[in-house]
Amino acid sequence: MTARVRTMARLLLVLTFTTAVGLPAQTVSRGPSHAPKRYAVLLGINEYPAGVPTLKGSPLNDVELMRDLLVKRLGFPVTNIITLMDRQVTRTNVIATIRQHLGQAGVNDVALLYYSGHGIQVNDSLKPRSDGATEPDSLDEALLLWDSDEARATYLLDDELGLLLDELPARRTIAIIDACHSGSATRASGDDEVFWSTLGKGAAPRLPERIDDARAAFLPRRVLLADTRNVIVAPETLLTTGASVPQRGHLLLSAALDGEVALGGPITMPDGTRRPLGLFTTALNLAIQASNQRTTMQEIIVAVRRAVSPVARRIQGAPQTPGATGAWTMETLHQVLEIPAPPRIRRPGGRRVRRV
């Protein structure tokens, strides 16, 4: 055996050994079949059945803002995003879409649900559960949806949403809710102008709707159940009745606390146009734009809160407190969304740097 052949044989042996044991790190990568996939369902309701206040285009823009963020910043394929708007957002469709579309996310994948619309509270006695658990204030939060007959509205309880998310096999499950969680506060409005730059310094995408009405005001995304009893009907059956689903854990980013309203209204964009947007969705978009691979979810929500709170107090004289609860609040955005770290490259002299 010649010296050259012996050298090649030793090199082949070394490469075989290091690949088998996973060393060194830069020679081993997770193959395309194991790369995490990301799925999203985006829900937005501008127009509800007659008798429920309209949201004047804000959820439509919120959904577009979120889609732009997911695709251009966070690596979600367009083909993996399903959008339901207005009459499409029925209780039946929402439950089926979560189970079928987000249910595609496997044990290495990410599932994300976004909702922009009205939030309500219902009496906790309407929510039978096998464990007998009740809310401390005897009120249960819910997302207001279209009913199947397209003449009335119904709702999805927060406990039902939690159950649906816990059913998913995904490695990471995230819910982002831009809606009120209060059913008793008086409606609020204000005519103070809010600028995109007030909430952050990131780029603004093209949005489909425009508000030119100078009288348009910020309004809470909440309806009073007492005012709409003939329009909003309780679901015939609840997912939580007799349910016993092991909690897998998910992350919830919410626009406001249970006793607060979430504001939406015309925001003046960098080009001077005015777009109806949710205050929380706008601030979240800008906070994520400003984040990096080391930014934790807790740091993102703190940045959102700092942007939203002073604007809400100025407009309505009451707080709006965005929050992050559940799993992974102390992990980075990149970890939660399974975004791989930038590759390390070597500079002359052996010094490693990250490509960002």
Side-chain angles (χ1 to χ4, degrees), residues 38-48 54-89 97 101 110 112-118 174-179 191-219 221 253 255 262-292 295 300 303-304 307-308 311-312 315 322 333-334 337 339:
R38 301 178 187 90
Y39 297 86
V41 170
L42 310 180
L43 310 173
I45 307 182
N46 292 299
E47 301 288 343
Y48 282 89
T54 179
L55 288 170
K56 298 184 179 179
S58 177
L60 172 63
N61 285 331
D62 290 343
V63 165
E64 289 298 320
L65 199 64
M66 184 57 61
R67 189 211 307 273
D68 185 85
L69 181 73
L70 295 180
V71 173
K72 295 181 180 179
R73 174 78 182 186
L74 301 177
F76 281 70
V78 174
T79 53
N80 287 4
I81 300 175
I82 284 185
T83 299
L84 301 179
M85 293 296 301
D86 289 339
R87 293 175 186 268
Q88 297 174 325
V89 191
T97 305
H101 183 67
V110 174
L112 183 145
L113 175 74
Y114 172 82
Y115 171 86
S116 176
H118 280 305
I174 305 103
I176 303 174
I177 308 297
D178 195 344
D191 55 8
D192 287 2
E193 191 161 18
V194 177
F195 292 90
W196 177 270
S197 58
T198 302
L199 303 171
K201 301 184 183 302
R206 294 177 62 88
L207 296 173
E209 290 221 346
R210 176 174 179 172
I211 281 189
D212 289 316
D213 184 359
R215 296 168 298 176
F218 271 83
L219 295 170
R221 296 160 176 267
L253 305 182
L263 293 171
I267 292 179
T268 301
M269 310 300 282
D271 64 0
T273 60
R274 306 176 80 218
R275 297 288 196 273
L277 285 163
L279 195 59
F280 167 72
T281 296
T282 305
L284 179 63
N285 181 287
L286 288 164
I288 290 177
Q289 284 193 54
S291 68
N292 57 46
T295 307
I300 286 174
V304 172
V308 167
V311 175
I315 290 174
L333 174 67
H334 281 58
L337 295 181
I339 299 174

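Just so it is clear, the structure is predicted and the values come from calculations on it, not from any experiment. For the single chain, residues carry numbers from 1 onward in sequence order.
Partners of T54 according to the side chain to side chain contact (heavy atoms under 4.5 Å, CB included) rule, which considers only residues two or more places apart in sequence or in another chain, are E47, K56. Checked against side chain to side chain donor-acceptor pair (under 3.5 Å), E209 has no partners two or more places apart in sequence or in another chain. By the salt bridge (charged side-chain N to carboxylate O under 4.0 Å, His left out) test, R73 pairs with no residue at all, sequence neighbours left out. The side chain to side chain donor-acceptor pair (under 3.5 Å) search around T281 returns Y114, D178, not counting sequence neighbours. Take R67 and apply the salt bridge (charged side-chain N to carboxylate O under 4.0 Å, His left out) test, not counting sequence neighbours, and it matches E64. For N61, the side chain to side chain donor-acceptor pair (under 3.5 Å) test picks out no residue, with sequence neighbours left out. D86 pairs by the salt bridge (charged side-chain N to carboxylate O under 4.0 Å, His left out) definition with nothing, not counting sequence neighbours. Under the rule for a ring pair (Phe, Tyr, Trp, His ring centres under 6.0 Å), the partners of Y39 that lie at least two apart in sequence or sit in another chain are H101.
Considering every non-hydrogen atom in both I82 and T97, the closest pair reads CG2-CG2, 4.0 Å. Residues L263 and A312 approach most closely at CD1-CA, 3.8 Å, considering heavy atoms. Between L60 and M85, the shortest heavy-atom contact is CA-CE, 3.6 Å. In this structure, S291 and L333 approach most closely via the heavy-atom pair OG-CD2, 3.7 Å. The two atoms that bring F218 and P266 nearest to each other are CE1-O, 3.4 Å, heavy atoms only. A287 and A303 make their closest contact through CB-CB, 4.2 Å (heavy atoms, listed as atom of the first residue, atom of the second, distance).
Annotation: side chain of F76 is not in contact with side chain of L69 (no heavy-atom distance under 4.5 Å). I211 is listed as a side-chain neighbour of P276, based on a closest heavy-atom distance under 4.5 Å. A heavy-atom distance below 4.5 Å is found between the side chains of T83 and I81. Under the 4.5 Å side-chain criterion, counting only non-hydrogen atoms from C-beta, V41 is in contact with L43. The side-chain heavy atoms of L113 and I174, taken from C-beta on, include no pair separated by under 4.5 Å. Proximity of R274 to T268: side-chain heavy atoms (C-beta onward) are separated by under 4.5 Å at one or more points. Counting heavy atoms from C-beta on, the side chains of I176 and Y115 never come closer than 4.5 Å. The shortest side-chain heavy-atom distance between L277 and W196 falls under the 4.5 Å cut-off.
Under 3.5 Å, the side chains of N285 and T282 contain no donor-acceptor pair of N or O atoms.
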Sequence neighbours excluded and cut-off under 3.5 Å, please list the side-chain donor-acceptor pairs for residues 197-207, or say none.
residue : atom : partner : partner atom : Å
T198    : OG1  : F195    : O            : 3.3

side-chain contact (heavy atoms from CB on, under 4.5 Å) between L42 and D62, worked out: CA-CA 10 Å; L42 310 180; D62 290 343; over 6 Å; no

R87 and I45: CA distance, side-chain angles, deciding distance, side-chain contact (heavy atoms from CB on, under 4.5 Å) verdict: CA-CA 8 Å; R87 293 175 186 268; I45 307 182; over 6 Å; no

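Note that OG of S58 is 7.5 Å distant from CG of N46, once rounded to the nearest 0.5 Å. In this structure, CZ in R38 is found 8.0 Å from CG in L74, a value given to the nearest 0.5 Å.
Listed by first and then second residue, the salt bridge (Lys or Arg N to Asp or Glu O under 4.0 Å) pairs that reach into residues 278-288 come to none, sequence neighbours excluded.
Without hydrogens or angle criteria, N292 side chain to T295 main chain gives a donor-acceptor distance under 3.5 Å.
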